[in-house]
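Order of appearance sets the numbers: ligands from 1, and atoms from 1 within every ligand.
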Amino acid sequence: MTVTDIEPEPEPAQRAGGVASVRIVRVVRETDDAVSLELAPADGHAGRFGYKPGQFLTLRIPSALTGSVSRCYSLSSAPHEEGPLKVTVKRTVEGYGSNWLCDNAVEGMSLDVLPPAGLFTPSTLDTDLLLFGGGSGITPVLSILKSALAQGSGHVTLIYANQHENSIIFAAELAELAAAHPDRLLVLHWLQSVQGLPTVEQLAALAKPWAEREAFVCGPAPFMAAVSAAMTSLGADRKRVHSEKFVSLSGNPFETDSTAVDVEAAAADGETATVEVELDGENHEITWPRKRTLLDVLLAKGLEAPFSCREGACSACVCRVVSGEVTMRRNEVLEDDDLADGYVLACQAIPVTDDVSVTYS
Ligand SMILES: Cc1cc2nc3c(=O)[nH]c(=O)nc-3n(C[C@H](O)[C@H](O)[C@H](O)COP(=O)(O)OP(=O)(O)OC[C@H]3O[C@@H](n4cnc5c(N)ncnc54)[C@H](O)[C@@H]3O)c2cc1C
Ligand code: FES
């Protein structure tokens, strides 16, 4: 079964918004309840899949009930590997999308995806890193870890929590990396079956020698909360502790017809601002109806601005305000230091000043 069995797939040139297509080239059973999907871009789409370690894809998963649901999956591959893109999906109890993928994804199947996005990536690989992974939260963390070892110069410590030994995703790959980089990589495993759930105090004791490092945290919500509290108790600078939340999208960017936003009518109805946008190396000056989000306006103009959730929850649409001011309706993902650096979510941004300039570079 392929996505195209559910709905005919348009030719690449006709695809709406940023939607691209990939083919599953291999399915790897990682553990009893996790699979990796190795993906190759469809012909003509390869140029849309450049990515940074820690970024994610948004997959369109067929549903007989709703046509499709969309779910984000971090890339567990690393950009320098030059092999297929890889996402790793762990079953969520009673979850729809993860179980569909674990049960139905087969070699040769085509999937619609939104290209790589996200802010959970180191600003430099030439620094010492402290990484935390809980269960499937290892996926973006592994990508960062592999990139740092292959392309950076710093030391890496990974604290990796799992329920039991058989549920450790990438156990063999991590052991090989640790053996290949004994002086740069330290992997500390925590097994709930042996040690119980890690407490804030236990995590703080483990992390203490490396608390000054840039930290990246991904895993179940209670694990992330405990790590965050542990790092705070160690006096870590909040700006240096980055986290990625694994949540399901409630909206469906694949089913939203962006071109249906009538920007001209909205502009005629109310006040407008002007926005200058630098996107993919080109500059555009666009009239911005004040009640429309920046992303709506850009997509309606036919520009391929990045996005995924359109709910202010994933950061795929992030851009930076160079001049002027915007406000966001909702922001569940940008932290204070991101805001201080001028980053905003285009899917939530509406203008405050008459003239705004933003860049996606
Ligand atoms: C940036 C990002 C990266 C991610 N990367 C990964 C990754 O690398 N690997 C990975 O495995 N996951 C990843 N995720 C999580 C992934 O996107 C999904 O959230 C996850 O697979 C669960 O989706 P699902 O469709 O199986 O579960 P859902 O169907 O969304 O269900 C999730 C939970 O909600 C409950 N639920 C569902 N519907 C209802 C309802 N109506 N009322 C009450 N409860 C309900 C279910 O019982 C289940 O426990 C990532 C998420 C984000 C945002
Ligand atoms: S598209 Fe997800 S935050 Fe804007």
Side-chain angles (χ1 to χ4, degrees), residues 17-18 30-31 33-37 39 51 53-63 65-66 68-77 85-105 113-121 133-144 167 169-170 216-221 224 242-254 256 258 293-296 298-299 305-319 326 328-334 338 343-350 360:
E30 301 284 0
T31 64
D33 58 2
V35 298
S36 288
L37 309 180
L39 309 168
Y51 66 101
Q55 290 195 309
F56 64 89
L57 299 178
T58 306
L59 273 58
R60 181 185 200 186
I61 301 167
S63 158
L65 207 61
T66 59
S68 70
V69 299
S70 61
R71 294 286 181 263
C72 304
Y73 291 100
S74 300
L75 289 154
S76 53
S77 49
L85 301 151
K86 184 156 82 170
V87 293
T88 304
V89 182
K90 184 174 177 182
R91 287 183 193 274
T92 292
V93 177
E94 293 183 20
Y96 176 73
S98 59
N99 286 293
W100 193 96
L101 288 169
C102 287
D103 292 336
N104 296 285
V113 301
L114 296 177
L119 278 182
F120 187 68
T121 187
S136 59
I138 190 65
T139 51
V141 167
L142 179 70
S143 184
I144 293 170
S167 62
I169 307 172
F170 306 126
F216 289 82
V217 190
C218 186
M224 291 178 60
H242 311 274
S243 54
E244 182 80 309
K245 289 183 208 154
F246 277 7
V247 290
S248 290
L249 305 186
S250 52
N252 187 342
F254 295 101
T256 311
S258 305
T293 68
L294 177 58
L295 181 67
D296 277 350
L298 299 185
L299 295 178
F307 68 90
S308 174
C309 70
R310 303 185 84 158
E311 299 163 3
C314 77
S315 81
C317 62
V318 77
C319 60
V326 306
M328 283 186 282
R329 290 175 172 159
R330 188 175 174 201
N331 168 30
E332 291 186 15
V333 63
L334 296 182
D338 300 319
Y343 288 105
V344 293
L345 303 172
C347 74
Q348 301 297 319
I350 49 176
Y360 282 84

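- Proximity of Y96 to S248: side-chain heavy atoms (C-beta onward) are nowhere separated by under 4.5 Å.
- Applying the 4.0 Å criterion to heavy atoms of A313 picks out, from ligand 2, the atoms 3 (S).
- Side-chain contact annotation: Y51 with S77, donor-acceptor N/O pair under 3.5 Å present.
- Between T66 and N252, the closest side-chain pair of non-hydrogen atoms is not below 4.5 Å.
- Numbered from 1 in the order shown, with element, the atoms of ligand 2 that lie under 4.0 Å from a heavy atom of R310 read 1 (S), 2 (Fe).
- In P253, neither the side chain nor the backbone holds a heavy atom less than 4.0 Å from any atom of ligand 2.
- Counting only distance, with no hydrogens or angles, the side chain of N99 and the backbone of T92 share a donor-acceptor pair below 3.5 Å.
- Listed by number with element, the atoms of ligand 1 under 4.0 angstrom from any heavy atom of S74 are 3 (C), 4 (C), 5 (N), 6 (C), 7 (C), 8 (O).
- Rounding to the nearest 0.5 Å places CZ of F307 at 11.0 Å from CG of L298.
- For atom 37 (C) of ligand 1, no protein heavy-atom neighbour is found at a distance under 4.0 Å.
- Under a 4.0 Å criterion applied to the non-hydrogen atoms of V89, ligand 1 contributes the atoms 11 (O).
- The closest protein non-hydrogen atom to atom 26 (O) of ligand 1 is S98 OG, 2.5 Å.
- From the protein, the heavy atom lying nearest to atom 12 (N) of ligand 1 is Y73 CE2, 3.4 Å.
- Protein heavy atom at the shortest distance from atom 48 (C) of ligand 1 is V93 O, 3.5 Å.
- Using cut-offs of 30° and 60° on the angle between ring planes, the pair F216 and H242 is parallel.
- A distance of 6.5 Å separates OG of S315 from CD of E244, quoted to the nearest 0.5 Å.
- Looking from atom 19 (O) of ligand 1 to the surrounding protein, the closest heavy atom is S248 OG, 2.7 Å.
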(message) Please evaluate residues S74 and S143 with respect to the criterion side chain to side chain contact (heavy atoms under 4.5 Å, CB included), reporting the C-alpha separation (whole Å), side-chain torsions for both, the decisive distance (0.1 Å), and the verdict.
(response) CA-CA 9 Å; S74 300; S143 184; over 6 Å; no

(message) Between V326 and L294, is the side chain to side chain contact (heavy atoms under 4.5 Å, CB included) condition met? List the steps.
(response) CA-CA 9 Å; V326 306; L294 177 58; over 6 Å; no

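- In this model, a donor atom of one side chain and an acceptor atom of the other lie less than 3.5 Å apart for S250 and E311.
- Using a 4.0 Å cut-off between heavy atoms, V87 makes no contact with ligand 1 at all.
- The protein heavy atom nearest to atom 11 (O) of ligand 1 is K90 N, 2.9 Å.
- Closest heavy-atom approach to atom 13 (C) of ligand 1 within the set F120, Y96, F246, W100: this belongs to F246.
- Looking only at side-chain heavy atoms (C-beta outward), L75 and L57 come within less than 4.5 Å of each other.
- Close N/O approach between N99 and ligand 1 is not found [any backbone or side-chain N/O within under 3.5 Å].
- Within ligand 2, counting atoms from 1 as listed, the ones closer than 4.0 Å to a heavy atom of C309 are 1 (S), 2 (Fe), 3 (S).
- Only the backbone of T88 comes within 4.0 Å of ligand 1, counting heavy atoms alone; no side-chain atom from C-beta on gets that close.
- Note: no N/O pair closer than 3.5 Å links F56 and ligand 1 by distance alone.
- Taking any N or O of P140, backbone or side chain, none lies under 3.5 Å from an N or O belonging to ligand 1.
- Put simply, CZ on R329 and CG on N331 are 14.0 Å apart, with the number rounded to the nearest 0.5 Å.
- T139 OG1, 2.7 Å is the protein heavy atom nearest to atom 8 (O) of ligand 1.
- Per-atom contact check: atom 45 (C) of ligand 1 does not touch the protein, criterion being a heavy-atom distance below 4.0 Å.
- When each atom of ligand 2 is checked for a heavy atom of G312 under 4.0 Å away, the hits are 3 (S).
- Here the side chains of T58 and L249 are in contact, with some heavy-atom distance below 4.5 Å.
- For residue C347, no N/O/S atom approaches atom 2 (Fe) of ligand 2 to within less than 2.8 Å.
- I61 contributes atom CD1, which lies 10.0 Å from atom CG of N104 (distance to the nearest 0.5 angstrom).
- Atom 16 (C) of ligand 1 has as its closest protein heavy atom C72 O, 3.4 Å.
- Between L119 and L334, the closest side-chain pair of non-hydrogen atoms falls below 4.5 Å.
- Summarising the geometry, atom CD belonging to Q55 is positioned 11.5 Å from atom CG belonging to L85; distances are rounded to the nearest 0.5 Å.
- Within the 4.5 Å cutoff, side-chain heavy atoms of P140 are placed close to those of F246.
- Checking atom 4 (C) of ligand 1 against the protein gives a heavy-atom contact under 4.0 Å.
- Note that the CD atom of Q348 and the CG atom of L295 stand 9.5 Å from one another [nearest 0.5 Å].
- The proximity of E244 to ligand 1, defined as any non-hydrogen pair under 4.0 Å, is limited to the side chain.
- Within the 4.0 Å heavy-atom criterion, neither part of A346 lies near ligand 2.
- Note on ligand 1: K245 sits in its first shell, one or more heavy atoms being nearer than 4.0 Å.
- Atom 2 (Fe) of ligand 2 has an N, O or S atom of C314 inside 2.8 Å of it.
- With distances taken over non-hydrogen atoms, the option nearest atom 32 (C) of ligand 1 out of T92, V247, L119 is T92.
- Of the protein's heavy atoms, G95 CA, 3.7 Å lies nearest to atom 31 (O) of ligand 1.
- At least one N, O or S atom of C317, from either the backbone or the side chain, sits less than 2.8 Å from atom 4 (Fe) of ligand 2.
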